[in-house]
Amino acid sequence: MPRSAARLNGLGTTIFTEMTALAVRTGAINLGQGFPDTDGPPPVIEAAVAALRAGENQYAPLPGVPALREAIFEHQRQWYGLEPEEVLITFGATEAIASAVMGLCDPGDEVVVFEPSYDSYTACVAFAGATPRFVTLRPPGFELDPEALRAAVEAGAGRVRAVLVNTPHNPTGRVLRRSELQAIADVCIEHDLVCITDEVYEHLVFEGEHVPPATLPGMAERTLTISSVGKSFSVTGWKIGWCSGPADLVAAARTVKQFLTFAGGTPLQHAAAAALRLPRAELHSLRDDLRAKRDQLCEGLAAAGLSPIVPAGTYFINADVRTDAAQWCATLPERCGIVAIPTSVFYDDKDAAPTLVRFAFCKRPEVIAEAARRLAALG
Ligand SMILES: Cc1ncc(COP(=O)(O)O)c(C=O)c1O
């Protein structure tokens with residue numbers, strides 16, 4: 001394998017594909033990768049079918065189809081009082097992150113990444129020729145230490161260009177508090193940094209409140225806000241995402257995006273517009289359904305003698321297995337027919353959470369019940 005590709009594999013990005021393949025091969029219950037085993041809301045699926053039949057099957061305009069762009073402007077205004085100058089539709093939030101980091105960072109720049117982190121962040125920083133500067137969130141609370149953040153930026157001696165924020169946060173399930181986000185805002189403003197914020201779980205908050213960093217004073221003009229339909233509407237395979245914010249930041253992402261994939265997913269962009277226009281009650285019911293699944297799996301993990309850290313948002317629970325989590329996960333499919341991910345794969349510092357395992361709970365109640373039964377039988 002060429003050296004550069006091998007370097008990306010070294011980041012641990014292949015574990016999800018490997019674990020999902022293992023689950024398929026062994027028939028294990030896949031609590032590894034975060035995707036629901038139920039379909040999205042019927043009106044959203046029907047909107048996709050209608051768009052396909054209406055001939056919406058050619059390239060979309062580079063910035064995205066007008067109906068979806070409008071729906072996003074409206075969503076940001078109605079949910080958060082935000083008035084972004086521009087919106088760009090991307091191939092999932094993942095392409096928005098890649099485009100933003102590559103469009104905004106030069107080789108030699110540094111990007112603050114809170115670890116544990118979604119695996120594409122460090123890969124995207126590497127694509128840009130930049131370097132991650134990690135700030136570690138430690139279990140069990142995974143709180144942000146403002147002093148550690150400040151020290152990281154200062155250690156960068158002017159090389160830090162951006163801070164990559166994720167709230168609600170994968171893999172910890174934390175919803176960052178306003179005070180933590182204010183600490184990020186203070187540092188961004190003081191050091192003139194761009195804030196790239198990944199909010200794909202914005203509608204999956206079970207306790208507390210989702211605060212978009214762009215809503216904090218002085219932040220709208222330096223924040224690129226990223227989200228997508230995958231998690232909020234249980235359509236992770238659609239890969240319709242977006243970024244919004246100041247025109248110059250969106251333009252930087254657009255410049256890269258046009259050469260990555262140009263523009264596509266036209267019928268799904270129309271359906272994503274329909275999704276964003278669903279009544280709030282529909283989003284709340286999806287969230288409440290997921291909260292019940294969280295509680296069910298937390299109970300199952302506790303009954304199995306594992307100690308779950310109850311998440312305030314997202315699809316994920318971390319539990320302490322009190323032994324080497326990587327080894328525990330490696331043999332879990334054969335021991336009890338379950339696939340789960342050692343939380344350490346999301347850390348650069350492999351010693352930060354060596355005994356934690358991440359379980360996805362976005363599964364049907366009967367699947368969670370069976371998983372809990374198998375875990376309890378482990379003894
Ligand atoms: C934090 C975070 N950001 C982005 C993504 C991917 O979003 P999308 O499927 O829209 O590319 C995920 C998926 O797991 C995620 O956990």
Quick one: does NZ or CZ of [X] land under 6.0 Å from the six-membered ring centre of [Y], within 45 degrees of the ring axis?
| X | Y | value |
| --- | --- | --- |
| Arg322 | Trp328 | no |
| Lys257 | Phe91 | no |
| Arg294 | Phe361 | no |

Thr131 and Glu110 side chains, donor-acceptor separation under 3.5 Å: no
Between the side chains of Thr343 and Asn318, does any donor sit under 3.5 Å from an acceptor? yes
Do other residues, nucleotides or ligands put more than 12 heavy atoms under 6.0 Å from the CZ atom of Arg280? yes
Are the side chain of [X] and the backbone of [Y] linked by a donor-acceptor contact shorter than 3.5 Å?
| X | Y | answer |
| --- | --- | --- |
| Arg69 | Val87 | yes |
| Asp248 | Val250 | no |
| Thr266 | Gln58 | yes |

Can [X] and [Y] be counted as an ion pair, charged N to O under 4.0 angstrom?
| X | Y | answer |
| --- | --- | --- |
| Asp186 | Arg150 | no |
| Arg138 | Glu115 | no |
| Glu180 | Arg174 | yes |
| Asp37 | Arg364 | yes |
| Asp289 | Lys293 | yes |
| Glu74 | Arg77 | no |

Only one of Leu181, Thr225, Leu164, Ile226 passes side chain to side chain contact (heavy atoms under 4.5 Å, CB included) with Thr197; say which it is. Thr225
So, for Tyr315 and Tyr201, is the gap between ring centers shorter than 6.0 Å? yes
Between Tyr80 and His203, what is the ring plane arrangement, given parallel below 30°, perpendicular above 60°, and tilted in between? parallel
